[in-house]
Novice: 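First, the structure itself, so that you have it in front of you.
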Amino acid sequence: MSPAPIVPLPSHQRLEEVLDYDPITGVFRWKMSRRNAPAGKVAGFITLHGYRSISIDNVQYRAARLAYAIVYGEDPPEYVDHINGDRADDRIANLRAATPAENCRNCCIPAHNKSGIKGVSLRRKNQRWVAQIRVNRRNITIGEYKTIDEAADAYREASSRYHGEFGRC
């Protein structure tokens, strides 16, 4: 499945007309009153996926993309990554340009993970902990370990080596 197309952002001038953005707190506020929002009210809402969404001229935009555009004066790249993993934290210090692969590397622990540690699972047949990492669309088995801590350490080291600053453990 291909990702949804990126909606072009409003002009920088239009963003400046309707929104105040505080890059330190990451909060957007309306500059002028709207139907349901007086001037000065926090703009947007948190979606079911945890991102702040703001409607401008009846089009929904992710706040992270708007923040990037306001601060840098240009449309953001395809992906704007939240460094700390908090999708609603739109402080400019928490945002960075990313490729689709880099954005995936910084994801949280999947919901189906039972160990509670990214990249680590228990192999039931021999009761050993397995560390695995995904690189260039391929799963790489790092190794099998007696303890969960050994497997977690191995994953952290591999994540740092393969994923660099985008690695998340």
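When a residue number appears, it is its place in the shown sequence, counting from 1.
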Novice: Looking only at atom types and distance, does a side-chain atom of R128 sit under 3.5 Å from a main-chain N or O of G143, one as donor and one as acceptor?
Specialist: no
Novice: What residues form a side-chain contact (heavy atoms from CB on, under 4.5 Å) with V135, not counting sequence neighbours?
Specialist: I133, I140, Y162, H163
Novice: Listing request: all side-chain hydrogen bond (donor to acceptor under 3.5 Å, both in side chains) pairs with a residue in residues 9-20, at least two apart in sequence or in separate chains.
Specialist: R14-E17, R14-D57
Novice: Report the residues that fulfil ring pair (Phe, Tyr, Trp, His ring centres under 6.0 Å) with Y61, sequence neighbours left out, ordered by chain and then residue number.
Specialist: none
Novice: Main chain of A39, side chain of S33: is a donor-acceptor contact present, judged purely on distance under 3.5 Å?
Specialist: yes
Novice: Check the hydrophobic clustering (I, L, V, M, F, W, Y; side-chain heavy atoms under 4.5 Å; chains of links allowed) and say if L66 and V42 are grouped together.
Specialist: no
Novice: Got more than 12 heavy atoms from elsewhere within 6.0 Å of CZ, R62?
Specialist: no
Novice: List the residues meeting salt bridge (Lys or Arg N to Asp or Glu O under 4.0 Å) with R91, not counting sequence neighbours, and say none if there are none.
Specialist: D89
Novice: Can you hop from Y68 to V18 via hydrophobic side chains spaced under 4.5 Å?
Specialist: yes
Novice: Using the ring pair (Phe, Tyr, Trp, His ring centres under 6.0 Å) criterion, which residues pair with Y145? Sequence neighbours excluded.
Specialist: none
Novice: Mind checking ring pair (Phe, Tyr, Trp, His ring centres under 6.0 Å) for F45 and listing every partner two or more places apart, or none if nothing turns up?
Specialist: none
Novice: For P8, is there any backbone N or O sitting under 3.5 Å from a side-chain donor or acceptor partner on D75?
Specialist: no
Novice: Side-chain heavy atoms nearer than 4.5 Å, only ILVMFWY residues, links allowed to pass through others: does that put I56 and F28 together?
Specialist: yes
Novice: Do side-chain atoms of R96 reach the backbone of I83 as a donor and acceptor pair under 3.5 angstrom?
Specialist: no
Novice: Would you say W30 ends up clustered with I46 if hydrophobic residues are merged whenever their side chains have heavy atoms under 4.5 Å apart, either directly or through other cluster members?
Specialist: no
